[in-house]
Amino acid sequence: MAEPGIEEKRKGAAPSAGAAQKSATLQYDGKSYSLPIVEGTESERALDITRLRQDTGLITLDSGYGNTGACRSSICFIDGEQGILRYRGYPIEQLAEKSSFLEVAWLLLYGELPTPERLTGFTREITRHTMLHEDFRRFFDFMPKSAHPMPVSAAAVAALSTFYKEADTEDRVFRAIVRLLAKMPTIAAYAYKHSIGQPPMYPRNDLDYCSNFLYMMFATPCEPYYVDPVVARVLDLLLILHADHEQNCSTSTVRLVGSSQSSLYATIASGISALWGPLHGGANQKVIEMLERIALEEGSAEVFLRKAKDKDDTTRLMGFGHRVYKSYDPRAAILKKSCKEVIERVGASSKLLEIAMRLEEIALEDDYFVKRKLYPNVDFYSGVIYQAIGIPVNMFTVMFTLGRLPGWIAHWLEMRKDPDTRIGRPRQVYTGHRERAYVPLDQR
Ligand code: ACO
C-alpha cells in the first residue's frame, strides 16, 4: 500500500491532487486489507490496488478497462455525466471559439497556453519541417493504390523512424514532435494523392497549417487552387475538437507501446492503427455510409433505428453512444452548429445533414436510447462536415489522426516523465486447459 505522503512525491500528479485521504477495506479469505483511495483535482476517486496481488494473491478483472485507471494524468478532463471536456483546465467550448489548432497542440504538449512569441516560434518550426525526405516518395509508390490511407499513414509514420534518429535527448524529442506535427499532413495528403493516382503536391510554407493541408489535398500541378479561409477555419476547429480525449483506445495504445520505450514514431503509428477501427476513429466513415444508405431508401430512418435496437441484428446507430459520455458529447454540440454554416458556405447538399438531424431527433425520444443514455458523439456530425468540404470518406479517419496527434504525443511526454511509469503488462484469468500430455501426430 502507498505510504502516507507518497502521492505528493509523485512528480506526474496534478499540483493539488490529494494524498490518499481515505481507504476502503477489502475482506477476503478471513483477512482484512486496507486499500488507499487516491483523489484527483476534480474529486475523482480511485482505489489504489498497486499492492493487491502482492498482499492478497488476487488480480482484478475488468474487461474493456471500464473501471481501470491506468495512470495519473493532467492533460484532459472529461465528466461524461455532465458533458464536460477540458484540455489542461480550459473548456473545449472556449478553445473551439477562440484558439487555433497549433495553440491547442502547444497547450496539450506543454501544459500552458503559449505566449505569442512561443506560438510564433513553434508555428515557424512546424512550417519549416513539412517536407518529406525525397526518398519517401518511393515508399508511397510501393503501396497498392487501392490501400486504405489509414494503414498507409500508419506505415509511413512508423517509417519516419528509419529516417530520423531516436528521440533520446530533450532536443531530439522536441525535433521529433515538430517533425510529426509538420509531416503528418504531408503524409496524409501524399497517401490520398497516391490512392487517386495524382502526383503529390509539395507543401507551401506561405500557408497556415490547415490551408497547406487543403492545398496539398486538392491542388494539382495543372491548375491553381484557392483555399477558402472559412473551410480552413472549420478544419482547424475539427482538429481542435479531436486533439485529445484522455485514455481512449488509441491513446492507451500509445501509452502501452511507449511504455516499452519504443521509438516515438513507431509508438504513434500504433495509435493510428488503434484509431482505424470502426468502433473508434473509423466511426465517422461508418456514419456517412449509414446516412447514404438511409438516403437511398427513402424514409428508412425509422427502419434503421429499429434494426439498431434489435438484439439479433448487429447494426448500430453509428456516431451514437460513448464509453464515457452519458449525456450529449460537447464536441458534437459544437459541430452540429458548424454543420449548417459550412454546408451553406460551400453550397453542398444538406440531405445527409437533414437525415442525421432526423435520426438524432427520433433516437433522443426513443426509450431504448434514453434508457442507455446514448447520445450523438463527435463522429455523428464530423463526417457530414468533412464530406461537405470535399474530404473523401476513406480519409475521414486520417483527419481524426491529424487532430489526435498532439494528444497522443502529450500523453507520451507525460508518461515518459512520470516516475511511476513501468512497462504496461496486464494480467489475465486463464481459462484454458490444465496441463495435458502431447499426443504425437500419428495418434490423433
Ligand atoms: N446503437 C445501438 N445500440 C447501442 C449503441 C449504438 N450506437 N451503442 C451502444 N448501444 C447499446 C448496446 O447494445 C448495449 O445495449 P445492452 O445494454 O442492451 O446490451 C448498451 O447500449 C451499452 O453499449 P456498450 O457496447 O456496452 O457500450 P460501450 O461503452 O462498450 O461502447 C461504443 C461504446 C463502442 C462507442 C458504442 O456506443 C458504439 O458502438 N457506438 C457506435 C460506434 C461509434 O459511434 N463509435 C465512436 C465512438 S467516439 C470515438 O471513438 C471518437
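Just so you know, these numbers use all the heavy atoms, side chains as well, and skip hydrogens, waters and symmetry mates. In listed order, ligands and their atoms are each counted from 1. Computed from a predicted model, the values in this text were never measured in an experiment. Counting from 1, the numbers follow the sequence of the chain as shown.
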**Message:** Both conditions, 6.0 Å and 45 degrees, for the charged tip of R179 above the ring of Y164: are they met here?
**Reply:**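 The answer is yes; both the distance and angle limits are met.
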Is the shortest side-chain heavy-atom distance between [X] and [Y] below 4.5 Å?
| X | Y | answer |
| --- | --- | --- |
| V303 | R306 | yes |
| H245 | V378 | no |
| R72 | E414 | no |
| M399 | L238 | no |
| S338 | L237 | yes |
| Y325 | L85 | yes |

**Message:** Consider side-chain hydrogen bond (donor to acceptor under 3.5 Å, both in side chains). Of R331, K337, E360, which one does Y381 pass it with?
**Reply:**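 Only match with Y381 under side-chain hydrogen bond (donor to acceptor under 3.5 Å, both in side chains): E360.
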**Item:** Exceeds 12 heavy-atom contacts within 6.0 angstrom, atom NZ of K145
**Value:**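 Yes, because the 6.0 Å sphere around NZ of K145 holds more than 12 heavy atoms from other groups.
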**Request:** Take atom CD of E112 as the centre, draw a 6.0 Å sphere, and report whether it contains more than 12 heavy atoms from other residues, nucleotides or ligands.
**Result:**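 No, the 6.0 Å shell around CD holds no more than 12 heavy atoms from other groups.
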**Asked** Has ligand 1 got any nitrogen or oxygen that is less than 3.5 angstrom from a nitrogen or oxygen of A283?
**Response**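 For ligand 1, there is no N or O atom that lies under 3.5 Å from one belonging to A283.
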**Prompt:** ligand 1 and L317, any nitrogen or oxygen pair closer than 3.5 angstrom?
**Reply:**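 N/O-N/O distance below 3.5 Å exists for this pair.
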Considering the heavy atoms of [X], write down every atom of ligand 1 situated less than 4.0 Å from one of them.
| X | result |
| --- | --- |
| G319 | 43 (C), 44 (O) |
| K311 | 13 (O), 15 (O), 16 (P), 18 (O), 19 (O) |
| D379 | 46 (C), 49 (C), 51 (C) |
| F400 | 51 (C) |

Residue, atom name and distance, where the atom is the protein heavy atom closest to [atom]:
| atom | result |
| --- | --- |
| atom 41 (C) of ligand 1 | F320 O, 3.4 Å |
| atom 48 (S) of ligand 1 | H322 CD2, 3.6 Å |
| atom 3 (N) of ligand 1 | Y368 OH, 2.8 Å |
| atom 50 (O) of ligand 1 | H280 ND1, 3.0 Å |
| atom 45 (N) of ligand 1 | L279 O, 3.3 Å |

**Asked** Hey, what do you get for CG (L102) to CD1 (I240), rounding to the nearest 0.5 Å?
**Response**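 These two atoms lie 9.5 Å from each other.
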**Request:** Ignoring hydrogens, tell whether any protein atom lies closer than 4.0 Å to atom 26 (O) of ligand 1; use the non-hydrogen atoms only.
**Result:**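 Looking at atom 26 (O) of ligand 1, one finds that no protein heavy atom lies closer than 4.0 Å.
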**Item:** Nearest protein heavy atom under 4.0 Å from atom 35 (C) of ligand 1, yes or no
**Value:**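 Given the 4.0 Å limit, the answer for atom 35 (C) of ligand 1 is yes, a protein heavy atom qualifies.
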Using a 4.0 Å heavy-atom cut-off, which part of [X] comes near ligand 1: side chain, backbone, both, or neither?
| X | value |
| --- | --- |
| V287 | neither |
| F380 | neither |
| N248 | neither |

**V234, L235, V346 screened by side-chain contact (heavy atoms from CB on, under 4.5 Å) with I385, the one that passes** =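 So, applying the side-chain contact (heavy atoms from CB on, under 4.5 Å) to I385 and each of V234, L235, V346, only V234 qualifies.
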Heavy-atom nearest neighbour of [atom] within options [options]:
| atom | options | answer |
| --- | --- | --- |
| atom 23 (O) of ligand 1 | R323, K326, M290, R316 | R316 |
| atom 18 (O) of ligand 1 | H245, M318, R372 | R372 |
| atom 9 (C) of ligand 1 | L374, D329, N377 | L374 |

**Prompt:** Below 4.0 Å from any atom of ligand 1, is there a heavy atom belonging to A308?
**Reply:**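 Flag set, A308 near ligand 1.
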